[in-house]
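For reference, the structure discussed in these notes is given below.
Chain letters run A, B, ... following the sequence lines, proteins first, then strands; residues in each count from 1.
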Number of protein chains: 2
Amino acid sequence: MKIRNTRQRQLILDAVKSLHAKHPTAEEIYSHIESVNPGIGRATVYRNLSFLSEAGHILKIETPIPPDRFDDTLAPHYHMQCRVCGEICDADIEYMRDIESRVKPTDGFIIESHDITFKGICRKCHENIVREDNAE
Amino acid sequence: MKIRNTRQRQLILDAVKSLHAKHPTAEEIYSHIESVNPGIGRATVYRNLSFLSEAGHILKIETPIPPDRFDDTLAPHYHMQCRVCGEICDADIEYMRDIESRVKPTDGFIIESHDITFKGICRKCHENIVREDNAE
DNA sequence: ATACATGCAAACACTTTGCAGCACA
DNA sequence: TGTGCTGCAAAGTGTTTGCATGTAT
């Protein structure tokens, strides 16, 4: 199993990096590439996103509201997700290295990692709701 | 909008309560009811699970690995999910009431709640992996 | 009586897979 | 020059929706 550096794989890694702030979905990555590079297949994007996250080159973020999103920031950190639009952004809070060891052993479950997701509403969606309420 | 107490709605709430320890998926709730009460529709189960969780009678747990699961424990608490079988169980750790206020304000995002998911491997799946490794 | 709820099937959103041809090492 | 990778389409999984009918109040 010799790994190859295909043009597509590189394009996908570049796209995740350049869409960094967006925490892009697979579809966003696909259409970002497709606009400049028509002909790439969606399956190739999905396959490579899995490959790259399993290889530790990018991070797959499994959020409460699908679809999954991808991040090129490898340092562990937490996210906030808007319950209206589903957009996510980084949460400005220190990473809790000790929290896993504070869980009391249960049924032989071995903890390997943890995620914290703050749920709420982003400024844009909040403004829209206020606007709609005033319109009534 | 007058809410009705249908037989199906009651069956679904009862099923969530009786499958409590399993943290059942919609499909598990459906087949639990269907085995005793053939004819119930899947859509009815999905619709009522949404309804009941929005009304605050049950809790919808959005886990990293789908499908969603449901819980009749209303007190906020955290979960552990096995990366192999996807089963979830409660994490024995105190609920952190102050954590949301420790996130520094970012872009006007309003935090309303938070979730912590511990990811790892359950005893059963861990034993299976050890067994497979020995078989090689 | 009436309008909310149901059951069915189809649609939907997201992701994975099978396969023939392609291209990187 | 072989085999890992691609693009396409189809299938798979989980959930929602449209609609005619049923039923709780």
Side-chain angles (χ1 to χ4, degrees), chain A residues 1-16 22-55 57-58 60-70 81 83-88, chain B residues 1-16 22-55 57-58 60-70 81 83-88:
Chain A
M1 179 69 174
K2 200 176 290 174
I3 287 149
R4 276 178 205 179
N5 259 327
T6 60
R7 207 174 57 83
Q8 290 87 337
R9 183 163 293 164
Q10 191 58 52
L11 285 169
I12 289 159
L13 184 54
D14 291 348
V16 175
K22 269 197 175 69
H23 295 84
T25 63
E27 185 61 29
E28 284 164 351
I29 292 160
Y30 166 74
S31 50
H32 179 84
I33 297 172
E34 211 273 338
S35 68
V36 178
N37 225 291
I40 193 165
R42 238 186 275 283
T44 302
V45 173
Y46 277 97
R47 270 189 293 240
N48 275 296
L49 289 171
S50 291
F51 173 87
L52 290 167
S53 61
E54 266 156 44
H57 294 114
I58 61 174
K60 180 182 191 170
I61 313 171
E62 293 154 321
T63 51
I65 304 169
D68 289 338
R69 288 153 181 280
F70 297 86
Q81 185 170 38
R83 67 171 152 80
V84 178
C85 67
E87 293 289 299
I88 84 157
Chain B
M1 178 71 173
K2 200 175 292 174
I3 286 147
R4 276 179 206 180
N5 260 327
T6 61
R7 209 174 56 84
Q8 290 87 337
R9 183 163 292 164
Q10 192 58 52
L11 284 169
I12 289 161
L13 184 54
D14 291 348
V16 175
K22 269 197 175 69
H23 294 85
T25 63
E27 185 62 29
E28 284 164 352
I29 292 160
Y30 167 73
S31 51
H32 178 85
I33 297 172
E34 210 274 338
S35 68
V36 178
N37 225 291
I40 192 164
R42 244 195 252 324
T44 301
V45 173
Y46 276 97
R47 269 188 293 240
N48 274 296
L49 289 171
S50 291
F51 173 87
L52 289 167
S53 62
E54 266 156 44
H57 295 114
I58 60 174
K60 180 182 192 171
I61 314 170
E62 294 153 321
T63 51
I65 304 169
D68 289 338
R69 288 154 180 281
F70 297 86
Q81 184 170 38
R83 67 171 152 82
V84 178
C85 66
E87 294 288 299
I88 85 158

**OP:** Quickly, which of Gln8(B), His57(B), Arg9(B) forms a side chain to side chain donor-acceptor pair (under 3.5 Å) with Asn48(B)? Name it, please.
**Re:**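 Of Gln8(B), His57(B), Arg9(B), side chain to side chain donor-acceptor pair (under 3.5 Å) with Asn48(B) is met by Arg9(B) alone.
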Would you kindly give the [atom1]-to-[atom2] distance between [X] and [N], to the nearest whole Å?
| X | N | atom1 | atom2 | result |
| --- | --- | --- | --- | --- |
| Glu62(B) | dT15(D) | CD | P | 10 Å |
| Leu11(A) | dA23(C) | CG | P | 14 Å |
| Ile40(A) | dC5(D) | CD1 | P | 14 Å |
| Arg7(B) | dT25(D) | CZ | P | 13 Å |
| Gln10(B) | dT23(D) | CD | C1' | 16 Å |
| Asn48(B) | dT16(D) | CG | C1' | 14 Å |
| Ile33(A) | dT6(D) | CD1 | P | 11 Å |

Main-chain N/O of [Y] paired to [X] side chain as donor or acceptor, under 3.5 Å:
| X | Y | result |
| --- | --- | --- |
| Glu28(B) | Thr25(B) | yes |
| Arg69(A) | Pro24(A) | no |
| Glu62(A) | Asp68(A) | no |
| Gln81(B) | Ile88(B) | no |

**OP:** Scan nucleotides 9-18 of chain C nucleotide by nucleotide, 5' to 3', and note B when protein non-hydrogen atoms come under 4.0 Å of the base, S if they reach only the sugar-phosphate, - if neither.
**Re:** B----SBBBB
**OP:** Begin with the C-alpha distance, continue with both residues' side-chain angles, and end with the deciding distance and a verdict on salt bridge (Lys or Arg N to Asp or Glu O under 4.0 Å) for Glu34(B) and Arg42(B).
**Re:** CA-CA 9 Å; Glu34(B) 210 274 338; Arg42(B) 244 195 252 324; over 6 Å; no
**OP:** Give one of base, sugar-phosphate or nothing for Thr44(A), where a contact means two heavy atoms less than 4.0 Å apart.
**Re:**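 Here Thr44(A) touches the bases of the nucleic acid.
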Subject >> Phosphate OP1/OP2 of dG7(C): any Gln8(B) side-chain N/O under 4.0 Å >> reply: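 Yes, because at least one side-chain N or O of Gln8(B) sits under 4.0 Å from OP1 or OP2 of dG7(C).
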Original post:
OP1 or OP2 of dA23(C) less than 4.0 angstrom from a side-chain nitrogen or oxygen of Thr6(A), does that happen here?
Top reply: no
Show each protein N/O and nucleotides 1-4 of chain D N/O combination with a separation under 3.5 Å, one pair to a line.
residue	atom	partner	partner atom	Å
dG2(D)	N2	Arg4(A)	NH2	3.1
dT3(D)	O2	Arg4(A)	NH1	3.3
dT3(D)	O2	Arg4(A)	NH2	2.4
dG4(D)	N3	Arg4(A)	NH1	3.0

**OP:** Over all heavy atoms of both residues, which pair between Pro64(A) and Pro66(A) is shortest? Give the atoms and the distance, please.
**Re:**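 Between these two residues, the closest heavy atoms are O-CD, 3.6 Å.
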Original post:
Between Gly39(A) and Asn5(B), which has a closest nucleotide on DNA chain D that is more 5'?
Top reply: Gly39(A)
Can you tell me how far apart [atom1] ([X]) and [atom2] ([Y]) are? Round to the nearest 0.5 Å.
| X | Y | atom1 | atom2 | result |
| --- | --- | --- | --- | --- |
| Phe51(A) | Ile12(A) | CZ | CD1 | 11.0 Å |
| Ile40(B) | His32(B) | CD1 | NE2 | 11.0 Å |
| His23(A) | Phe70(A) | NE2 | CZ | 12.5 Å |

**OP:** With axes from five pairs an end, tell me the bend angle of the helix from dA1(C)-dT25(D) to dA25(C)-dT1(D), nearest 10°.
**Re:** 30°
**OP:** Only one of Leu13(B), Leu11(B), Val16(B) passes side chain to side chain contact (heavy atoms under 4.5 Å, CB included) with Ile29(B); say which it is.
**Re:**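 Looking at Leu13(B), Leu11(B), Val16(B), the match for Ile29(B) under the side chain to side chain contact (heavy atoms under 4.5 Å, CB included) is Val16(B).
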